[in-house]
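Since this is a predicted model, take the numbers as computed values, not measurements. So that the names make sense, note that chain A is the first sequence line, chain B the second, and so on, each numbered from 1.
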Amino acid sequence: MTRVCIIGNSHVASLRGGIEKVEPRSGISYTFFAARGRALEDLVLSGSTIIPANEKLRKYISFTSGGKTAIDTAKYDVYLVYGAHAAPYFHNSEAVFSEAALRSATRDHVSGTLSMKLIKLLRSCTTSPIYVGHYPLRAAQKVRSVEVDKEYIDGCHLLNELVYAPLDAKLLRQPKSTIVNGRQTHPDYTKNSRRLAVGREDDQEILPENDIVHMNYDFGEIWMQMFLREIEAA
Amino acid sequence: MNPYENLPSTAFWKKAVAQQNVFDIKGLWDPKFDVDTRDPVATFGSCFAQHIGRSLNKKGYYWLIEESAPYGMKSKTAIEYGYGVFSARTGNMYTTSLLRQWVEWALGHRRVPDELWEQGGRAFDPFRPNIEPNGFKDAAEVKETQNHTLKSFRRCIEGSQVFVFTLGLTESWINRRYNYEYPICPGTFAGTFSADEHQFINQSYQVVYDNLAEAMRLMRCVNPNLRFLLTVSPVPLVATASGKHVLIATTYSKSVLRSVAGDLATRHEFVDYFPSYEIISSPPFRGTFFNANMRTVHPMGVQFVMSTFFSCLEKKFGTRPSGQASLAPKTKPDPDLVCEEEILEAFGR
């Protein structure tokens, strides 16, 4: 059994809903620890367990995980840190920069993000694989092309080389089939996107039409399929 | 009837200066040509020039930046790496001879020397010793980024409509054998000083003039409509190798530079002089705009200089719409200046 632990903020909602649409894989289980905004900032280390530092967060992760109130890293084989302010990166590989400048730029790009805090927290108490998903590319208003910008591909590659590989983690690109206009998400994937359910009254509320950053369960389904292929191949 | 009878009040010290509150002294600059917010403006020169580019950017002028920081780099880091300091990552050009040298390199009239400085296992560009906080990983990286900057500088020459240059120093350090100039004395920031190899030259008026005139001529060969806005840095020397007292050496330097700038502006309709030097350092302003060290300029002084700049332009040419935002990093109002010359202070006992 491969026990997958998915940690992240409101963007996890699309994965949570998406996995329900994916044909179940035998031998893979999922546990979600999620909370909206920066609430997961209050996760702290206690031995090899990651625990919430306040009651509100404890309730959120208990709700999303189906009753667990801590992340016992001994119980998971693979981690995915999704969203959590991890931004996509774009790199013009034709431009000339020193190695030091690129290291500083990529470090700046991830520093202070919740995602990086979670990755380091995990890495301090587990050697299991950690995958990273950046928050979705913004949804386009109109589809002009289905091209994917080379700068996005090269950007992800550079982040992996300079930031994630040293932490023995891997950033996964957003699935190609969801990308339009070089670096945007197809507008269909933002339709009827829903609020992350954390045990509040507005759980799963459909997000406003002008929310172009949270994606729906169809997007989550594609993303999770890609993720599953990745961990099965590893 | 004599020529003084019909002169405006600004021609008379008593009316224009002595009887004025210092902040009410008006008419210091009558711009020769307009700088529109849509005109690409390149800025280079000594440390003080950094204020001009940032102020232009903040005010909505089109500050031309031909070398942008890598994606994701924060503003503070970008400044440390020489991005968004000048229009290309040339580092400081303190002298007119350094400007001419860069122009000749960029336009292919001369080849960049292969000299390299090494320190602490890192490689330093002798012509941009402070362009990266810890130097480059090796000689190849120095050369690659140097070539990139030369191309960027060339694009600045070709693509700008106004080239702002702030003259900073007359004191210079030359490679004796091959006659090229360093922006800072070898051995101070990096590299090794050798009295056999390195020569100090305190440039005369004629040398400063000829180098600037030639640099401008070469630039206008590739961009015939290029106009120049000259300023003189009001910042005194950190240190002098002239053998004179630093106050005396500073006065000499600034006098030469101010004369050159003024003479070239008088001679050519495509050259103008903006009096930031007078605003900061002339007696009527009583040193108001200097920090306690009587050397660096207080942010209030920079603000006063630049507001004078913009108000003089608007008074003559009218208000204008906001221009194109430049690619310069957004900085806080008073970021630290990037200045190799500052390192000389460490050698004072």
Heavy atoms of other groups near B:Gln303 CD, more than 12 under 6.0 Å: no
Residues of residues 98-126 of chain B near chain A, each having a heavy atom less than 4.5 Å away: B:Arg122
Residues in residues 94-103 of chain A near chain B [non-hydrogen atoms, under 4.5 Å]: A:Val96, A:Phe97, A:Ser98, A:Glu99, A:Ala100, A:Ala101, A:Leu102
Exceeds 12 heavy-atom contacts within 6.0 angstrom, atom CD of A:Glu147: no
Atom of A:Asp108, atom of B:Gly72 and distance for their closest heavy-atom approach: CB-O, 3.3 Å
Any B:Lys74 side-chain heavy atom under 4.5 Å of A:Ser104 side chain: no
Ring pair (Phe, Tyr, Trp, His ring centres under 6.0 Å) partners of residues 102-121 of chain A, not counting sequence neighbours, each pair once: A:Tyr89-A:His109, A:His109-B:Tyr71
Those residues of residues 137-160 of chain B, ordered by number, that approach chain A below 4.5 Å (heavy atom to heavy atom): B:Lys137, B:Glu141, B:Glu144, B:Thr145, B:His148
